[in-house]
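Computed from heavy atoms alone, side chains included, the values below leave out hydrogens, waters and symmetry copies. To find a chain, count down the sequence lines: A is the first, B the second, and so on, and within it residues start at 1. Nothing here was measured: the structure is a model prediction, and the numbers come from that model.
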Amino acid sequence: MNTFYVTTPIYYPNSEPHAGNAYTTIAADVLARYHRLKGYEVCFLTGVDEHAANVFNAAKEEGLTPQEYCDKIAPTFVNLWERLNISHDIFFRTTSDIHKRGAQKFLNVLYENGDVYKAKYEGFYCISCEKFFAEKELTEDRICPDHKIPLQWLEEENYFFRLSKYADRLLTHFNDNPDFVYPETRRNELLSFLESGLQDVSISRASLSWGIPFPFDPEHIIYIWIEALSNYITALGYETDGEQFQTFWPADVHMMGKDITRFHALLWPAMLMAADIPLPKHIVGHGWLTKDGEALSKTRGIFIDMDSDIATYGVDAFRYYLLREFSFGNDGDYRPSRLHERYNADLANDLGNLLNRVLGLLNKNFDAIPEPTTPGEFDDEIKTLAHDTLETFDSHMQTFAYDIALETIWEFVRRINRYVQQTQVWTLAKPETKPRMGTILYNSLEALRFISALIFPFIPDTADKIQRQIGSTDSDYTLEWGRLKAGKKVAKGEPIFPRVDLKKEKPPQKTGKTKSEEQPKQGKTDLISFTEFQRMDFRVGRIISAEPIQGADRLLKLIVDIGTEKRQVVAGIAEHYPTDSLIGKQVIVVVNLEPATIRNVESHGMVLAASGDSVVLTTPETEVPLGTQVR
RNA sequence: GCCGGUGUAGCUCAGUGGUAGAGCGCACGACUCAUAAUCGUGUGGUCCGGAGUUCAACUCUCCGCACCGGCACCA
């Protein structure tokens with residue numbers, strides 16, 4: 001039997017799942033359902049990546065242990081997947097024993113194969129910052145600019161993976177397998193990155209406590225990405241070379257957002273090469289969702305209100321919209337108004353109404369599904385189109401072109417509406433034409449059965465509803481024309497997609513959850529003393545000139561008057577403020593920051609700005625004298 | 001700054017060296033079985049701008065503009 005193994009990334013459970021997670025997971029679910037329908041033995045893996053630093057921090061904020069925190073959040077993912085009708089076979093948690101042991105075995109194999117080595121990180125280190133300082137960051141007196149304490153010369157042992165060794169083999173693999181990475185633009189980006197060479201990567205962290213220790217050196221924790229990637233094999237029982245691992249590996253598709261394709265397409269394959277494990281077949285990186293043209297942002301409160309849209313249109317409409325509207329590799333702009341249009345036009349009018357009208361006619365004129373005794377005009381065309389549709393549909397599914405695959409189905413749906421129209425079925429109830437009427441209705445119902453099979457991977461509830469309404473007790477999703485059994489009684493059911501009238505829509509309600517998402521979480525981790533705070537010297541200044549810096553898109557050279565003197569400061573705000581708009585603005589400047597040279601321009605201080613998805617300068621509420629201290 | 005992509009109808013997007021396409025929207029008509037549904041017809045475009053190659057350019061080449069992405073960079 002053919003097998004199919006599809007995965008989503010394991011998501012960070014540092015907060016509840018969002019629409020981006022849902023998009024990835026639905027896309028993977030479609031593949032899983034599609035292949036099951038095709039008779040493949042399928043394994044669909046999803047889960048959570050629990051040993052992340054941000055999970056550790058989120059737990060700390062709530063006063064929970066990381067494990068307690070994970071135990072609390074993990075179910076919110078499972079719940080959402082249930083609501084979205086996700087048919088995963090495994091929901092995997094990286095705090096599970098099977099993962100811990102598997103990850104350790106994986107590291108051991110890499111180690112034994114000689115691709116893990118220990119090397120010193122050495123340099124000046126600040127114990128308060130817990131970080132090394134690069135050469136260029138050092139001042140003459142070697143004092144931490146943040147903590148004003150002497151830096152220490154420290155040598156820390158770290159483990160490295162010989163990623164560089166695999167650059168050539170990866171390049172060969174990319175060239176030999178043009179469809180290794182989807183979409184092509186992403187593949188090209190990775191290729192050019194690859195051609196510029198790869199550096200070995202650090203795969204251990206000595207300073208963290210939340211994670212999985214190295215098997216051969218328990219002092220070190222396995223770096224999160226290395227550990228996370230290994231979940232794709234540990235979940236299958238890599239550790240014991242289990243049956244599932246033997247059956248399903250290598251994965252057919254690793255599905256993910258475009259931001260993490262590099263880890264999956266370069267680092268992960270290299271590690272697998274090092275461990276002598278076959279590579280996954282496809283890495284698929286989809287685009288990001290925006291909302292009404294704006295990037296999603298927790299801090300700015302821009303998010304997709306799945307709860308509200310699902311409540312209005314249903315889960316299937318939500319799934320349908322996500323996959324029909326957007327070209328899969330590109331970013332997609334989520335617009336509730338478009339969802340509404342899609343719902344009414346495609347689902348309610350084209351499909352829902354077709355089912356309803358055919359069943360209505362059948363019910364009015366026949367006791368049961370009639371035999372197709374009387375072939376006539378268009379019948380062959382419909383049958384041929386059914387099979388052509390299937391063929392075209394399949395080819396688009398092979399290239400993850402969900403939108404075109406669905407459009408292909410809908411061309412068939414529209415053709416059936418036309419069939420009903422062209423044949424004028426409703427006029428054929430007279431005794432002499434009734435056999436023909438029965439045949440047309442049979443064909444229409446069979447077309448609907450066929451359609452239900454095609455749409456099943458995308459909108460499974462709808463497919464089931466259609467099957468039930470056309471009298472199929474055991475759903476028959478076989479994609480062969482003519483399987484519908486005549487003689488069955490059929491009752492006209494409720495419309496499967498009742499039209500939604502926008503005027504009756506209630507204004508979007510703010511739920512409690514909404515509010516919490518709108519509030520920025522404080523990413524606070526460490527407390528500083530008041531004395532430490534006092535060391536920082538913030539002053540009000542006025543920007544008196546601003547000009548771009550050659551060769552740096554984001555940087556501006558500012559001259560700021562801070563009352564006692566004029567300072568030259570480099571600021572990374574070029575993309576957010578035209579230079580002219582800055583002149584005369586009052587800003588807050590960190591004046592006792594050590595000087596730095598950026599792009600050959602000296603910077604004596606720092607201009608403060610709120611830096612999230614947008615960058616907004618902090619400015620006194622009203623004009624104040626230059627040089628005023630801020631505290 | 002380097003690399004790549006995109007720019008086509010009001011909206012979302014296909015597409016080809018030879019008279020511009022689909023869906024939605026809009027207008028009109030047909031039908032009255034159906035969820036104010038369906039079907040048909042129509043409306044609608046300097047195919048970003050400029051130059052070049054060609055008998056012929058929306059398509060190929062070059063230059064420019066705008067937007068998007070990757071890398072560098074963000075004191």
Chemist: Counting side-chain heavy atoms from CB outward, which of C73(B), U35(B), C71(B) is closest to Phe193(A)?
Modeler: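 Of C73(B), U35(B), C71(B), C71(B) is nearest to the side chain of Phe193(A).
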Chemist: Is the distance from OP1 or OP2 of C71(B) to the nearest side-chain N or O of Arg262(A) less than 4.0 Å?
Modeler: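 For C71(B), OP1 or OP2 has a side-chain N or O of Arg262(A) closer than 4.0 Å.
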Chemist: I need the CZ-C1' distance between Arg418(A) and A37(B), as an integer number of Å.
Modeler: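 Nearest whole value for this atom pair: 18 Å.
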Chemist: Could you check which of C74(B), C33(B), C24(B) has an atom nearest any side-chain atom of Leu555(A)?
Modeler: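 Output: C74(B).
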Chemist: Only pairs with both distances under 3.5 Å count, Watson-Crick or wobble alike; so what is the partner of C24(B) in this structure?
Modeler: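 Per the H-bond distance test, G10(B).
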Chemist: Roughly how many Å apart are U8(B) and C58(B), using the C1' atom of each and rounding to a whole number?
Modeler: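 Result for the C1' pair: 7 Å, nearest Å.
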Chemist: Taking it one step at a time, do Leu267(A) and Arg262(A) satisfy side chain to side chain contact (heavy atoms under 4.5 Å, CB included)?
Modeler: CA-CA 7 Å; Leu267(A) 178 59; Arg262(A) 197 200 292 169; over 6 Å; no
Chemist: From CD of Glu184(A) over to P of G70(B), roughly how many Å is that when rounded to an integer?
Modeler: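 Going from Glu184(A) (CD) to G70(B) (P), I get 18 Å.
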Chemist: Below 6.0 angstrom between ring centroids: does that apply to Phe174(A) and Phe180(A)?
Modeler: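 Yes: the rings meet the under 6.0 Å criterion.
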Chemist: Take atom P in C24(B) and the same atom in U59(B), then report the distance between them in whole Å.
Modeler: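 Pairwise P distance, C24(B) against U59(B), rounds to 29 Å.
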Chemist: A20(B) and A57(B): how far apart are their C1' atoms, nearest whole angstrom?
Modeler: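 Taking atom C1' in both A20(B) and A57(B), they lie 13 Å apart.
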Chemist: With the threshold set at under 4.0 Å for non-hydrogen atoms, list the residues of residues 419-437 of chain A touching RNA chain B in residue-number order.
Modeler: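 Within this stretch, Gln421(A), Trp426(A) sit under 4.0 Å of the strand.
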Chemist: When we call it a touch if two heavy atoms are under 4.0 Å apart, what does Val570(A) touch: a base, just sugar-phosphate, or nothing?
Modeler: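 The answer is sugar-phosphate, as Val570(A) gets under 4.0 Å only of primed atoms, P, OP1 or OP2.
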Chemist: Between atom CG of Leu448(A) and atom CD1 of Ile466(A), what is the distance when rounded to the nearest 0.5 Å?
Modeler: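 Leu448(A) atom CG to Ile466(A) atom CD1 measures 6.0 Å (nearest 0.5 Å).
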Chemist: For a quick test of reading the model: is some side-chain N or O of Lys258(A) closer than 4.0 Å to OP1 or OP2 of G70(B)?
Modeler: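 For Lys258(A), the contact criterion (side-chain N or O under 4.0 Å from OP1 or OP2 of G70(B)) is not met.
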Chemist: Of the listed nucleotides (A37(B), A22(B), A75(B)), which one gets closest to any side-chain atom of Asn353(A)?
Modeler: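 Minimum distance to the Asn353(A) side chain belongs to A37(B).
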Chemist: Which nucleotide in the list U35(B), G69(B), U12(B) gets nearest to the side chain of Arg335(A)?
Modeler: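 Per side-chain heavy atoms of Arg335(A), the pick is U12(B).
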Chemist: Taking Glu189(A) first and then Arg186(A), would you say they form a salt bridge - that is, a charged N and a carboxylate O separated by under 4.0 Å?
Modeler: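 A salt bridge is present here (some side-chain N lies under 4.0 Å from a carboxylate O).
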Chemist: From CD of Glu325(A) over to P of C11(B), roughly how many Å is that when rounded to an integer?
Modeler: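 Roughly 14 Å, once rounded to whole Å.
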Chemist: So which nucleotide from C33(B), G70(B), U38(B) ends up closest to the side chain of Lys364(A)?
Modeler: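 Closest of the options to the side chain of Lys364(A): C33(B).
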Chemist: Rounded off to whole Å, could you give me the CZ-to-P distance for the Arg187(A) and G5(B) pair?
Modeler: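 From Arg187(A) CZ to G5(B) P: 14 Å.
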Chemist: So which nucleotide from A75(B), U35(B), G70(B) ends up closest to the side chain of Met606(A)?
Modeler: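 Shortest atom-to-atom distance from the side chain points to A75(B).
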Chemist: Which part of the nucleic acid, if any, lies within contact of Phe497(A), taking any heavy atom under 4.0 Å across all strands shown: a base, the sugar-phosphate backbone alone, or nothing?
Modeler: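 The residue Phe497(A) makes base contact.
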Chemist: Using purine N1 to pyrimidine N3 plus N6-O4 or O6-N4 for Watson-Crick, or N1-O2 and O6-N3 for G-U wobble, both under 3.5 Å, which nucleotide pairs with G49(B)?
Modeler: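 Result: C63(B).
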Chemist: Could you check how far CG of Leu322(A) sits from C1' of U12(B), rounded to whole Å?
Modeler: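 Between C1' of U12(B) and CG of Leu322(A): 15 Å.
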Chemist: Distance only, no hydrogens: is a donor on one side chain within 3.5 Å (strictly under) of an acceptor on the other, for His396(A) and Gln398(A)?
Modeler: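 Note: His396(A) and Gln398(A) side chains miss the donor-acceptor criterion.
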Chemist: What's the verdict on salt bridge (charged side-chain N to carboxylate O under 4.0 Å, His left out) for Lys434(A) and Glu432(A), showing C-alpha distance, side-chain angles and the deciding distance?
Modeler: CA-CA 6 Å; Lys434(A) 203 154 178 189; Glu432(A) 63 272 26; over 6 Å; no
Chemist: Below the 4.0 Å mark, does C24(B) have OP1 or OP2 next to a side-chain nitrogen or oxygen of Arg342(A)?
Modeler: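 It does not, given that no N or O in the side chain of Arg342(A) lies less than 4.0 Å from OP1 or OP2 of C24(B).
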Chemist: How far does the C1' atom of G64(B) sit from the matching atom of G7(B), given to the nearest Å?
Modeler: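 It comes out at 14 Å once rounded to the nearest Å.
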Chemist: Both Gly572(A) and Asp346(A) contact RNA chain B. Taking the nearest nucleotide for each, which residue is further toward the 5' end?
Modeler: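 Nearer the 5' end of the strand: Asp346(A).
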Chemist: Under 4.0 Å between any heavy atoms, over every strand shown, what does Asp350(A) touch: base, sugar-phosphate, or nothing? Just pick one.
Modeler: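 Here Asp350(A) touches the backbone only, sparing every base.
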Chemist: Which value, in whole Å, describes the distance between the P atoms of nucleotides C60(B) and U6(B)?
Modeler: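 After rounding to an integer number of Å, I get 10 Å for this pair.
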Chemist: Looking only at side-chain N and O atoms, does Asn356(A) come under 4.0 Å of OP1 or OP2 in U35(B)?
Modeler: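 Answer is yes, contact under 4.0 Å.
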Chemist: In whole Å, what separates the C1' atom of C65(B) from that of C11(B)?
Modeler: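 24 Å, rounded to whole Å.
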Chemist: Does Glu602(A) offer a backbone N or O that forms a donor-acceptor pair with the side chain of Gln568(A) under 3.5 Å?
Modeler: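 Between the backbone of Glu602(A) and the side chain of Gln568(A) there is a qualifying donor-acceptor contact (under 3.5 Å).
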Chemist: Using purine N1 to pyrimidine N3 plus N6-O4 or O6-N4 for Watson-Crick, or N1-O2 and O6-N3 for G-U wobble, both under 3.5 Å, which nucleotide pairs with C39(B)?
Modeler: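 Pairing partner: G29(B).
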Chemist: Separation of Phe326(A) atom CZ from G23(B) atom C1', in whole Å?
Modeler: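 About 16 Å, once rounded to whole Å.
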Chemist: Using Watson-Crick or G-U wobble geometry with both distances under 3.5 Å, which nucleotide pairs with A72(B)?
Modeler: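 Looking at the geometry, A72(B) pairs with no nucleotide.
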Chemist: Give me the distance, rounded to whole Å, that separates U16(B) from C47(B) when you measure between the C1' atoms they each carry.
Modeler: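 So the two C1' atoms sit 12 Å from each other.
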Chemist: Checking Gln467(A) against Ser452(A): is there a side-chain donor and acceptor pair closer than 3.5 Å?
Modeler: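 Gln467(A) and Ser452(A) do have a side-chain donor-acceptor pair below 3.5 Å.
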Chemist: With distance as the sole criterion, is a donor-acceptor pair present between the side chains of Asn353(A) and Arg499(A) under 3.5 Å?
Modeler: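 No, no side-chain donor-acceptor pair sits under 3.5 Å.
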Chemist: Could you tell me how far apart His396(A) (NE2) and C13(B) (P) are, to the nearest whole angstrom?
Modeler: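 It is 18 Å, rounded to the nearest whole Å.
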Chemist: Out of G69(B), U38(B), A75(B), which has the shortest distance to the side chain of Ser603(A)?
Modeler: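 Of the candidates, A75(B) comes closest.
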Chemist: Can you tell me how far P of A34(B) sits from CG of Leu351(A), to the nearest Å?
Modeler: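 Rounded to whole Å, this separation is 18 Å.
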Chemist: With a 3.5 Å cut-off and sequence neighbours excluded, list the donor-acceptor pairs that the side chains of residues 400-417 of chain A form with protein atoms.
Modeler:
residue: Tyr402(A); atom: OH; partner: Ala27(A); partner atom: O; Å: 3.0
residue: Glu407(A); atom: OE1; partner: Arg324(A); partner atom: NH2; Å: 2.8
residue: Thr408(A); atom: OG1; partner: Ile404(A); partner atom: O; Å: 2.7
residue: Trp410(A); atom: NE1; partner: Asp346(A); partner atom: O; Å: 3.0
residue: Arg415(A); atom: NE; partner: Glu381(A); partner atom: OE2; Å: 2.9
residue: Arg415(A); atom: NH1; partner: Gln422(A); partner atom: OE1; Å: 3.1
residue: Arg415(A); atom: NH2; partner: Glu381(A); partner atom: OE1; Å: 3.2
residue: Arg415(A); atom: NH2; partner: Glu381(A); partner atom: OE2; Å: 3.2
residue: Arg415(A); atom: NH2; partner: Gln422(A); partner atom: OE1; Å: 3.2
residue: Asn417(A); atom: OD1; partner: Arg357(A); partner atom: NH1; Å: 3.2
residue: Asn417(A); atom: ND2; partner: Asp350(A); partner atom: O; Å: 3.2

Chemist: Hunt down the Watson-Crick or G-U wobble partner of A34(B), both distances under 3.5 Å, from any strand shown, or write none.
Modeler: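 For A34(B), the partner nucleotide comes out as none, under the 3.5 Å rule.
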Chemist: Give a yes or no answer on whether the side chain of Asp379(A) reaches the backbone of Gly376(A) with a donor-acceptor pair at less than 3.5 Å.
Modeler: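 Flag set: sc Asp379(A) to bb Gly376(A) pair under 3.5 Å.
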Chemist: Just compare A37(B), C24(B), C39(B) and give me whichever is closest to any side-chain atom of Ala345(A).
Modeler: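 So the nucleotide nearest the side chain must be C24(B).
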Chemist: Could you tell me how far C26(B) sits from C63(B) if I compare only their C1' atoms? Round to whole Å.
Modeler: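 Looking at atom C1' only, C63(B) and C26(B) are 40 Å apart.
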Chemist: For Leu361(A), which contact category applies under a 4.0 Å heavy-atom criterion: base, sugar-phosphate, or nothing?
Modeler: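 Base: the residue Leu361(A), judged by heavy atoms under 4.0 Å, touches a nucleobase.
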Chemist: With sugar-phosphate meaning primed atoms plus P, OP1 and OP2, does Gly287(A) contact a base, only sugar-phosphate, or nothing at under 4.0 Å between heavy atoms?
Modeler: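 Since no nucleic acid heavy atom lies under 4.0 Å of Gly287(A), the category is nothing.
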Chemist: If you look at every strand shown and take non-hydrogen atoms under 4.0 Å, does Arg499(A) touch a base, only sugar-phosphate, or nothing?
Modeler: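 Base, at least one base atom sits under 4.0 Å.
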